**Student:** 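Attaching a single structure in structure tokens format; questions to follow.
Both counts, for ligands and for their atoms, begin at 1 and track the order of listing. Bear in mind the structure is a predicted one, so any value in this text is a computation, not a measurement. Note that the numbering runs from 1 along the sequence shown for the chain.
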Amino acid sequence: MECVRKLTNDLYWVGADDRRLALFENIHPIPRGVSYNSYLLLDEKTVLFDTADWSVCKQFLENVEGVLKGRKLDYLIINHVEPDHAASIEEVLLRHPETTVISNEQAFTLMDQFGYRVEGEKQIVVKEGDTQKFGKHTIAFVAAPMVHWPEAMVSFDLTTGTLFSADAFGSFGALGGRIFNDEVDFDRDWLDDARRYYTNIVGKYGPFVMDLLGKASQLDIKMICPLHGPVWRNNIKYIVDKYIHWATYEPEEKGVLLVYASMYGNTESTASVLAAKLAEKGMTNIAMYDVSKTDISYLISDAFKYSHLVLASVTYNLGIYPKMLNFLEDMKALNLQKRIVGIIENGSWACTVGGLMTEFLENNMKAMTVLQDGVTINSRMTGGQERSMNDLVDGILNSMKEA
Ligand SMILES: Cc1cc2nc3c(=O)[nH]c(=O)nc-3n(C[C@H](O)[C@H](O)[C@H](O)COP(=O)(O)O)c2cc1C
């Protein structure tokens, strides 16, 4: 049975949810599943926007046929060739040999590389600024390079103001029938997954996202149809504002992400002392994680969210504790910048980790301000470190006031 949603009088969602996949891109846990969105326009010509992952291909094809109701499929527009969207191209073309595929040159090259064969005469190659009329609807094509693949483009319906945004504005999370942003409590149920999706998958490419947002600001966008997650049919400023924060690496909130690396609990309890002292002074917007047992995608997401970061780590064989080093490397890889950082270091005989983390932040990342007042403990915290702990607390709070 097809499972579709009608978005407007002639536009349908024909995608599908995947709740079986455990790791998106075989990296990021998706406990709430993920949706692979595809859209079908029934104008004088019929137009399918992107396909869906192989895992939901049968449901997706059933949805397409359920909406076509025997009509031909005239066009397939491919905005993005990543297999979670393009893997079903061949199955569509096998069932619809009449279809012409519209995409850009680099996308066709990638389709060929992935074996999504589209015969030359069935291709229309477009570039930035090209348009295509399908009856009432005219679609304009806008390049969106590195959001997050080089071939990515978005398609804008000049007639209705609908932006088919590829992976931009996407989110982890299965839709469960509720396709529109105003059919869910987005802040409560979706924002964390939208941030975790963006920061871990697109986060590195902030400047490219800003280029796309610059182009989008010239368009009168009325609805956003992303390839994952809810369709935005109102309150578009809200999600664009989130994207501007994330793409410019500006924190969303004044608060503290407190990440500790501890093997026997002493560094953890020192981190808890910091959290308690911050809370006592009224700063309760704190997210605290054990770096060893928290999936790194959640740490990255909160590192984009909060203004301040505290890294509390053991020294490990004269180096940075491996799991903490992974986190630092991932923040660097995703271009995170513009954060104020507090350091707590622990060592029992040769404590080096504080200096090493400071060096990493200052030498490898942009605009990371490491607070002067760090805390050094030898095996476990004692009263002797109370003063430096209080200085760290004040350093965090004063820098929050100045920010
Ligand atoms: C495998 C291992 C290697 C360590 N290497 C160092 C080191 O090179 N220098 C040092 O001062 N302490 C070292 N330590 C001690 C830790 O940095 C830390 O002081 C101790 O684990 C207590 O902190 P915790 O309870 O948070 O784990 C090491 C501990 C372990 C278990």
**Student:** Which atoms form the tightest heavy-atom contact between Thr46 and Leu73, and what is the distance?
**Tutor:**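 Scanning both residues completely, I find the closest heavy atoms to be OG1-CA, 3.1 Å.
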**Student:** So, for Ile343 and Leu392, which heavy atoms are closest and what is the spacing to 0.1 Å?
**Tutor:** O-CD2, 4.2 Å
**Student:** Side chain to side chain donor-acceptor pair (under 3.5 Å) with Lys332: which residues, sequence neighbours excluded?
**Tutor:**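 Once residues adjacent in sequence are excluded, Lys332 has no partner under the side chain to side chain donor-acceptor pair (under 3.5 Å) criterion.
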**Student:** Only counting residues at least two apart or in another chain, list the ones meeting side chain to side chain contact (heavy atoms under 4.5 Å, CB included) with Ser379.
**Tutor:** Ser348
**Student:** Quick one, list the residues around ligand 1 where some non-hydrogen atom comes in under 4.0 Å, by chain and residue number.
**Tutor:** Ser262, Met263, Tyr264, Gly265, Asn266, Thr267, Val314, Thr315, Tyr316, Asn317, Leu318, Asn346, Gly347, Ser348, Trp349, Ala350, Cys351, Ser379
**Student:** Is it the case that Thr109 and Asp112 place a side-chain donor and acceptor less than 3.5 Å from each other?
**Tutor:**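 Their side chains do not contain a donor-acceptor pair, so the 3.5 Å distance test is not met.
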**Student:** Give every residue pair that meets the side chain to side chain donor-acceptor pair (under 3.5 Å) criterion with at least one member in residues 199-215, sequence neighbours excluded.
**Tutor:** Glu128-Lys215
